[in-house]
Amino acid sequence: MARDYTDIEAKWQARWSAAGINVASRDERPKFMIIFAYPGVTGYLHVGHLRGYTYADAIGRYKRILGYNVMFPVGTHATGNGAISLAKRIKRKDQDIIRYMKDNGCTDEQLRGLNDPMSVVDFFNNIYVNDYWKRFGFLADWRRFTCTLYPDYGMFIKWQFRKLMEAGLLIQKPYYAPFCSNCGPVAIDASETDISKGGNAETQEYTLLKFDFGEMKLVAATLRPETVYGQVCFWINPDTEYVKITHNGEIWVVSKPAADKLAMQFDDIQAFGTVRGRDLIGWTCKAPIVGRIIPILPAKFCDPEVGTGMVTSVPSDSPDDWINLKYIKDHPNDYAKYGLDGKTIASINPISIIKIEGYGDMPAKDAVESLGITSPDDPRLEEAKKQVYKDGFHAGRMRETCGPYAGMRVDEAKDKIKQAMIDSGEAEIFHDLSEEVVCRCGETVHIKRVDDQWFIDYGNRELTKKTSEHCRDMEIYPPEYHANVHGVLDWFRERACVRQGNWLGTRFPFDDKWIIEAISDSTLYPAYYIVSVYANNGNIKPENMTEKFFDYVMLGRGDAKEVAAEAGISVSLLCNIREDVKYWYPLDINLGGKEHMTVHFPVFLFNHMAVLPEDMQPKGIIVNWYITGKKSKISKSKGGAQPIPGAVEAFGVDAMRLYYSHVASMFVDVEWNEEMVVSYRQRLDRIFSFAEDMMQMSGDMSDIDRWLCSRFNAHVTGIRGSMERYDLRQLATTAYYEMFNDLKWYVRRGGSDKATINDALRVWIQSMMPITPHMAEELWEMAGFEGFVSDSLYPESKGIDSSAEYGEDLIRSTISDVAQIRKVASIDATKIYIYTAAAWNRKIYSIAADILESGNGLTIPGLTKESMADPEIRNNGKAASELAKKVATEMVRESPAKLHLYSDSDEHAVLSEASRFMSEEIGIPVIVLSADDDMKYDPKGKSSAAVPGRPAIYLE
RNA sequence: GCGGGGGUAGCCAAGCUGGCCAACGGCAUAGGACUUAAGAUCCUAGACCUUAGGGUUUCAUGGGUUCGAAUCCCAUCCCCCGCACCA
């Protein structure tokens with residue numbers, strides 16, 4: 001039973017390749033261009049990644065048999081520092097990485113070659129193409145393969161940026177970037193590519209509040225500038241040594257780490273002295289905005305590493321402040337050593353500033369008390385703080401103590417108060433990370449102000465509007481994303497598009513010190529696949545790819561002769577490429593994982609709109625969800641996931657492709673489950689054997705042949721309809737279950753006609769080809785069909801034979817009714833009598849059909865009256881009026897054609913024909929009689945219950 | 001918080017432009033066929049009740065719209081994801 005799928009796969013992959021059916025060249029057919037969002041080259045992929053890629057191939061294959069000229073190109077994205085850090089780690093023989101590489105099949109010899117980033121990229125490019133995509137039977141046009149680090153690709157990116165500049169979408173402004181003093185800019189993300197600690201850190205915006213203290217200013221950093229009206233004291237860590245710095249003509253006092261951080265964000269910071277925390281305590285300072293003179297108190301919780309190491313105190317709304325102030329008030333004697341007298345301490349009283357539903361005057365107090373916090377060291381203070389902040393920010397209103405802001409919503413007041421203080425010189429803005437971030441080199445990462453950072457202006461109103469409008473006409477799946485993408489586009493603002501430091505990528509064309517970052521160089525690239533084939537075969541070199549060259553081939557700008565001369569290529573080549581672009585673009589489908597919904601897809605759309613004309617805008621997006629591991633996403637960096645070569649070996653490519661396609665819709669995460677894959681593989685085994693058996697049959701035509709043809713025509717219509725929506729799961733259900741079941745029923749019913757079987761097999765194999773192409777080719781060949789099924793043409797439906805289907809349904813439902821009666825009545829029958837309905841019954845259906853056709857509407861009185869006009873019907877009196885009533889109520893929404901099936905079908909002939917079959921199925925002799933037969937055997941008078949579609953049954 | 005998605009029978013998972021739905025399909029389960037046996041395969045059953053093909057109650061919970069709702073509306077509870085220089 002077990003087949004060698006590996007051999008079958010290899011055989012057909014080789015034949016496809018030899019025949020070049022994967023190659024996409026311009027011709028007269030309509031085109032279809034599909035890509036999947038290329039993966040970043042960051043290591044080995046696992047079985048989950050192949051899900052989306054497989055969908056792209058299956059869709060491409062389906063379009064191919066519909067007669068489209070399909071282009072399915074692939075590439076990889078290697079921009080960034082992934083390859084750099086991988087190469088570094090291999091070079092320094094990092095044990096984790098060596099083990100990871102070896103576990104995935106990398107040999108020692110290969111490892112030795114992987115000590116520079118480009119070797120790493122080439123190594124993985126090779127694996128992706130050969131071990132993954134080709135191994136999965138993809139009909140991709142391999143000649144078009146490209147990678148973001150190829151020089152020719154870089155020329156295209158430079159051109160893209162020149163066009164963005166031309167469109168006024170490149171802007172420069174200051175930017176606050178995570179920065180390592182050794183390595184330059186670093187990326188902070190959960191996968192921790194650049195850093196060794198702090199992947200979840202966020203950049204936070206602090207407001208620096210300046211408190212007059214003699215000629216100096218004590219500077220506190222706060223995330224809640226709206227609470228300044230509640231300031232009643234000032235916290236300083238007595239054990240910290242603070243530094244004095246000058247900035248903008250002012251003298252500031254901040255912690256030493258804060259001074260260093262400030263120096264990265266302000267140009268003029270000069271440190272010139274120190275001041276001990278304990279020396280400041282007991283004095284007073286003047287709070288901004290309120291002008292209140294407040295005492296300086298000691299607080300150990302002031303961390304010199306956070307903010308400025310000084311904190312303004314708003315006990316009404318800050319649980320920390322509340323509990324600390326309470327502690328001091330309760331233990332005034334402990335503070336005498338700081339020169340604080342009890343009277344001063346006692347005079348400090350919180351000021352109520354924010355009204356929140358469900359809280360009293362002092363939200364901080366309520367939060368602290370409801371959690372039962374009594375000590376300043378309680379770790380639950382963090383929770384209390386979050387709760388108060390959250391409730392206050394979203395549900396709070398400023399009280400009358402807040403001057404001009406009284407009555408305002410807190411979220412609104414926050415920005416206004418902050419801005420007012422900045423305008424009056426009482427505050428400035430400072431950026432800091434929410435937790436410690438450490439660079440891979442060991443240095444702590446801080447936020448640095450970059451003045452001349454380049455951004456792509458995705459906030460541009462006109463661009464957003466045009467892009468958003470275009471999306472309405474696109475095919476975007478799932479539909480939820482089609483609805484939601486507008487929101488995502490609106491939400492986009494400027495986005496930093498270049499960076500410096502440890503980075504592989506294309507140099508920014510307007511300033512060489514910048515390198516284009518990883519999102520920005522992977523948005524317009526589908527168009528480049530049209531050109532890459534000419535770069536790959538050597539017809540055109542990177543130096544030929546001038547701005548005018550791309551202007552001509554992408555935008556049709558300029559004069560062919562002049563452009564060709566300038567670029568140094570022939571006019572015919574130039575025009576040929578231009579024709580290719582006109583033929584292939586726009587892209588029909590860009591398929592990618594759900595992680596792309598908020599970043600890649602929007603910028604993909606924006607860049608197309610910004611650079612290319614109306615008729616080259618993308619037509620479709622499909623988003624696929626993940627295959628996950630137990631409990632968590634199987635991550636390529638974590639290892640341990642099922643490696644692809646092993647899985648392919650164990651299950652076979654087709655079984656995996658069927659698994660991806662059928663186990664769930666595209667739009668839901670699925671937990672990887674080997675048993676499922678095995679069960680799909682078994683289904684393929686069964687289909688294989690069954691199809692082989694069918695090929696051996698050579699019987700005669702019978703009624704069941706009409707039925708099978710009709711069913712398969714319905715399936716063809718169904719598949720065509722589902723695939724309009726790219727619904728591969730429905731395709732799989734039809735091809736691997738419904739069609740299979742129908743064929744089994746056909747055989748069970750004695751079907752064996754060679755011609756019918758041939759037709760059915762042809763369509764069946766074609767229907768399976770998009771998902772299990774290798775098996776399909778094998779069967780196609782065994783059945784003796786010409787050429788490749790991958791290269792065949794899918795038929796149109798030849799129509800439905802509803803009377804054949806009606807007859808077959810009648811037989812099935814009769815068998816099922818018999819079974820049910822036997823079960824419920826627990827009768828041990830020895831013979832079964834089936835009575836078909838009397839002719840007058842059918843007449844009523846016929847009359848009902850006429851009424852429906854006339855458009856008068858089917859009603860009980862209407863049908864009864866017309867029926868009773870017929871003497872034969874009237875003779876049956878009550879039974880007739882009952883049936884008329886039943887028909888009128890049940891069939892009121894049916895089509896006349898359906899009613900005619902009831903009235904015109906010769907049920908007696910159908911069931912008599914099938915009586916032997918039914919006897920075999922049921923296991924007891926079945927005798928078919930007609931209610932019209934006066935001489936029939938009918939001891940219990942059951943026959944009168946027979947109606948069309950439902951013969952009477954008597955068990956004896 | 002903002003934005004988005006979801007809760008379906010033992011498990012996974014379709015359906016969700018309202019009626020063809022007791023609800024596709026798979027896995028697991030039970031009965032039968034085949035077999036010396038096991039396995040594989042095939043058929044049948046599958047919420048509950050029912051001695052004639054019938055009935056009753058289901059699609060997170062509670063309301064509502066409708067002749068009719070898993071499907072539409074409202075409220076509640078619970079789960080998941082994205083929030084930027086990260087592809």
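Residue numbers start from 1 in every chain, and the chains themselves are labelled A, B, ... in the order their sequence lines are given, proteins ahead of strands.
Protein atom CG of A:Asp490 is 17 Å distant from nucleotide atom P of B:C2, rounded to whole Å. Computed from coordinates, the A:Glu480 CD to B:G15 C1' distance equals 13 Å when rounded to whole Å.
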- Item | Under 4.0 Å protein heavy-atom contacts per nucleotide of nucleotides 48-55 of chain B, with B for base, S for backbone only and - for none | --BBBBB-

- Task: Do nucleotides 23-28 of chain B as a string where each nucleotide becomes B, S or -: B if the base has a protein heavy atom under 4.0 Å, S if just the sugar-phosphate does, - if no protein is that close.
- Result: -BBSS-

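For A:Lys744, there are no salt bridge (Lys or Arg N to Asp or Glu O under 4.0 Å) partners, not counting sequence neighbours. For A:Asp452, the side chain to side chain contact (heavy atoms under 4.5 Å, CB included) partners are A:Gln172, A:Val450, A:Lys513, A:Trp514, not counting sequence neighbours. With sequence neighbours excluded, the residues that form a side chain to side chain contact (heavy atoms under 4.5 Å, CB included) with A:His431 are A:Tyr176, A:Thr203, A:Glu205, A:Gln265, A:Ile429, A:Ile447. Applying the salt bridge (Lys or Arg N to Asp or Glu O under 4.0 Å) test to A:Arg683 and every residue at least two apart in sequence or in another chain returns nothing. With sequence neighbours left out, the side chain to side chain contact (heavy atoms under 4.5 Å, CB included) criterion links A:Thr733 to A:His662, A:Arg729, A:Gln730, A:Glu738. Applying the salt bridge (Lys or Arg N to Asp or Glu O under 4.0 Å) criterion to A:Glu808, with sequence neighbours excluded, gives A:Arg749. Scanning for salt bridge (Lys or Arg N to Asp or Glu O under 4.0 Å) contacts around A:Asp693 gives an empty result, with sequence neighbours left out.
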Distance-only criterion, 3.5 Å: show the donor-acceptor pairs between side-chain atoms of residues 943-956 of chain A and protein atoms not counting sequence neighbours.
| residue | atom | partner | partner atom | Å |
| --- | --- | --- | --- | --- |
| A:Ser943 | OG | A:Asp938 | OD2 | 2.7 |
| A:Ser944 | OG | A:Gly941 | O | 3.2 |
| A:Glu956 | OE2 | A:Tyr937 | OH | 2.3 |

Can you check nucleotides 80-82 of chain B for protein contacts, nitrogen or oxygen pairs under 3.5 Å, and list what you find?
| residue | atom | partner | partner atom | Å |
| --- | --- | --- | --- | --- |
| B:G82 | O2' | A:Thr598 | OG1 | 3.1 |

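Base pairing in RNA chain B yields stems of at least 3 consecutive Watson-Crick or G-U pairs, both distances under 3.5 Å, namely B:1-7 with B:77-83, B:10-12 with B:25-27, B:29-33 with B:41-45, B:47-49 with B:54-56, B:60-64 with B:72-76.
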